[in-house]
Amino acid sequence: MTTKTWMKGWPLIAAALLFAAWTLPAMAQDEGSDEDLGELISEVGQIYAEGYLAPLVSGFGINQNAGLYHTAAIPLTGLKISFGLKVMASKLDDEDKTFRVTRRVDLSDYLDPGDPGYGDEGLLVAEGPTVFGEVGEDGNEIKGSMTAYWHGLPVYTAEGIPALVASDYVPLVAPEISLGGIAGLRATMRGVPMEFDIGEVGKLKYVGFGLAYSVNNLAPTLPVDVMVGIFSQSLDISSTAEEATFSASAKSYYLGVSKAFSMLTVYGGVAKEESSMDIAYVYDNGTPNNAGDDEDIAFTLDGIQDKRTTLGATLNLGVKINAEMSMGNMTSYAGGLIFGF
Amino acid sequence: MKRLQATGWTLLTALMLTALIGLVGCSSDDPATPHDDAQLTAEDVAHQSGFLAYSIVNVLPTMAAKAFPGLETISGFSGDFWLDSNPDHVWTEAPDHILTWTPAGFDFSVDCEFNITSISGLANGTGTLTAGTLEISFTIVNVTVVGAGYPASGQVLVSSGTMAATITFNGGTADVQVGTQTWTIDLSDGTLVS
């Protein structure tokens with residue numbers, strides 16, 4: 001990549017970064033709660049939180065494992081560097097806007113002594129909008145509920161929380177830098193290692209590292225470019241007000257294939273992946289036997305997706321522009337601006 | 001060289017086919033967000049059925065009275081329902097005309113909606129009983145309509161979550177069977193006596 005290309009491309013990527021930094025908080029503020037994620041989640045216990053946060057966990061995990069490459073061609077010699085900005089979005093189904101979690105519980109945690117069902121086992125049903133569900137009008141928020149049942153009849157009920165922001169997609173933006181060209185290897189660092197504010201969600205820090213290897217280094221006469229790779233990432237969200245942290249990790253093991261046709265490169269790939277989120281916060285427990293007590297909550301949720309198939313294309317106009325779609329448990333889209341190889 | 005090229009195209013074709021198969025096969029399996037069914041026990045469903053039976057034995061006698069068509073109320077319940085005759089017919093109309101009552105000892109009410117017709121003294125119909133966010137549906141099958149006392153025969157088929165129950169009327173009492181377990185219902189208040 002020449003200095004001239006760099007000089008042309010730098011204003012574009014700076015503009016894209018500024019746009020992303022401006023739009024993400026703005027998106028979070030459209031049709032959203034006035035509280036941030038940590039403040040909302042501190043009002044409910046673990047059973048409710050597991051259902052409420054489920055699409056966030058899967059969506060972020062799927063996004064982290066998206067847009068990992070825009071070509072399977074890795075230079076076999078000569079050190080090359082590239083910079084890029086990737087934008088990812090996982091599509092939410094209507095089913096992801098609401099949740100329902102049911103658990104058998106000890107009703108002593110929800111009732112006073114003497115209440116029908118105290119000391120017995122019962123059923124807890126937590127349901128309502130998820131973190132990306134319908135918010136409702138101002139002054140008429142749509143909130144979930146928690147109801148405990150004894151012998152199939154309600155004996156305790158409490159209000160849940162509203163959605164954080166109404167959205168049909170879970171978005172993520174990631175700048176990245178890649179080094180490649182030595183023995184068919186390409187190393188990539190993605191993310192921003194310092195915290196930045198993303199509106200109602202909180203403060204975010206995102207770092208990932210990946211290594212890909214060109215199979216063409218072993219089989220140079222292949223008519224297409226083939227690579228294998230691995231990528232590991234972590235994404236930390238901390239509430240701006242409450243002691244809440246959300247630490248997402250994601251790993252992807254992928255095989256990519258591409259073919260260049262003049263300015264257009266078509267690529268595809270398959271991947272095995274995993275993701276999870278460690279969630280910790282202080283719950284303001286308002287149930288009858290615990291009123292006023294704070295309870296430390298900590299648990300881990302696994303992302304739903306374990307494999308994906310990707311199809312995409314990259315247009316080389318000096319600066320590269322790519323777009324791809326991935327199919328798995330959720331459909332996700334990714335695109336990017338790349339300067340370099 | 002030609003063999004290598006042929007191998008390369010075969011590999012490419014195989015990879016593209018794998019990707020396509022993966023694309024077709026990678027449709028949604030498990031949903032990202034849980035939507036659990038209610039984890040009710042057989043005893044839970046039996047208790048729900050008991051309170052349902054209590055509602056039914058209070059509603060059915062209104063059809064034997066041959067009252068003038070109109071809105072009907074029942075002592076111990078709030079709300080009302082429509083009553084007509086020829087044929088004898090009782091039905092609710094949400095949200096304004098449904099039956100609501102609070103079982104003794106509980107703080108929360110249950111809502112009962114139904115559409116029941118009686119011909120030759122036998123009632124048949126369907127309805128729902130809603131308690132909190134749980135809803136059970138029921139079908140009344142040939143339950144005898146009496147002006148006083150309790151039905152001598154007939155059944156109510158109950159569906160609650162993934163479980164099913166059958167209420168069988170025996171005159172003074174009723175039995176509810178859920179799976180292989182059976183309980184007896186005290187029809188004076190809907191509680192289970194054994």
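Note that the coordinates shown come from a computational prediction; the quantities given were computed from them, not determined experimentally. Order of the sequence lines fixes the chain letters, A, B, ..., with proteins taken first and strands second; residue numbering starts at 1 for each chain.
- For A:Val125, the part lying near chain B is the side chain, with the backbone staying farther off; criterion is any non-hydrogen pair under 4.5 Å.
- Taking CG from B:Asp107 and OG1 from A:Thr157, the interatomic distance works out to 11.5 Å, rounded to the nearest 0.5 Å.
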Please assess A:Arg100 against B:Thr33 for the test side chain to side chain contact (heavy atoms under 4.5 Å, CB included), listing each intermediate value before the final yes or no.
CA-CA 8 Å; A:Arg100 188 175 200 226; B:Thr33 306; over 6 Å; no
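- For the set A:Pro154, A:Gly122, A:Ala54, the count of heavy-atom pairs under 4.5 angstrom toward chain B peaks at A:Pro154.
- With sequence neighbours left out, the salt bridge (Lys or Arg N to Asp or Glu O under 4.0 Å) criterion links A:Lys97 to A:Asp168.
- Of the two parts of A:Ser145, only the side chain, counted from C-beta on, holds a non-hydrogen atom closer than 4.5 Å to a non-hydrogen atom of chain B.
- The environment of CG in B:Asp96 is crowded: more than 12 heavy-atom neighbours from other residues, nucleotides or ligands sit within 6.0 Å.
- Within 6.0 Å of CD on A:Glu95 lie no more than 12 heavy atoms contributed by other residues, nucleotides or ligands.
- Defined by atom type and a distance below 3.5 Å, a donor-acceptor pair is present between the side-chain atoms of A:Thr102 and B:Gln39.
- For the pair A:His151 (side chain) and B:Gln48 (backbone), a donor-acceptor distance under 3.5 Å is absent.
- Annotation: B:Glu93, atom CD; neighbour count of heavy atoms from other residues, nucleotides and ligands within 6.0 Å is above 12.
- The shortest heavy-atom contact between B:Pro103 and A:Leu153 is CG-CD1, 3.7 Å.
- Note that CG of B:Asp36 is 10.0 Å distant from CZ of A:Phe99, once rounded to the nearest 0.5 Å.
- Taken from CZ in B:Phe106 to CH2 in A:Trp150, the straight-line distance is 5.0 Å, to the nearest 0.5 Å.
- Looking at B:Thr41, the atoms closer than 4.5 Å to chain A (heavy atoms on both sides) sit in the backbone and in the side chain alike.
- Closest heavy-atom contact between A:Met330 and B:Ala32: SD-CB, 4.0 Å.
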Please set out all donor-acceptor pairs under 3.5 angstrom arising from side-chain atoms of residues 129-151 of chain B, sequence neighbours excluded.
unit_1, atom_1, unit_2, atom_2, d
B:Thr133, OG1, A:Glu127, OE2, 2.8
B:Thr133, OG1, A:Tyr149, OH, 2.8
B:Asn142, OD1, B:Asn124, ND2, 3.1
B:Thr144, OG1, B:Ala152, N, 2.9
B:Thr144, OG1, B:Ser153, N, 3.4

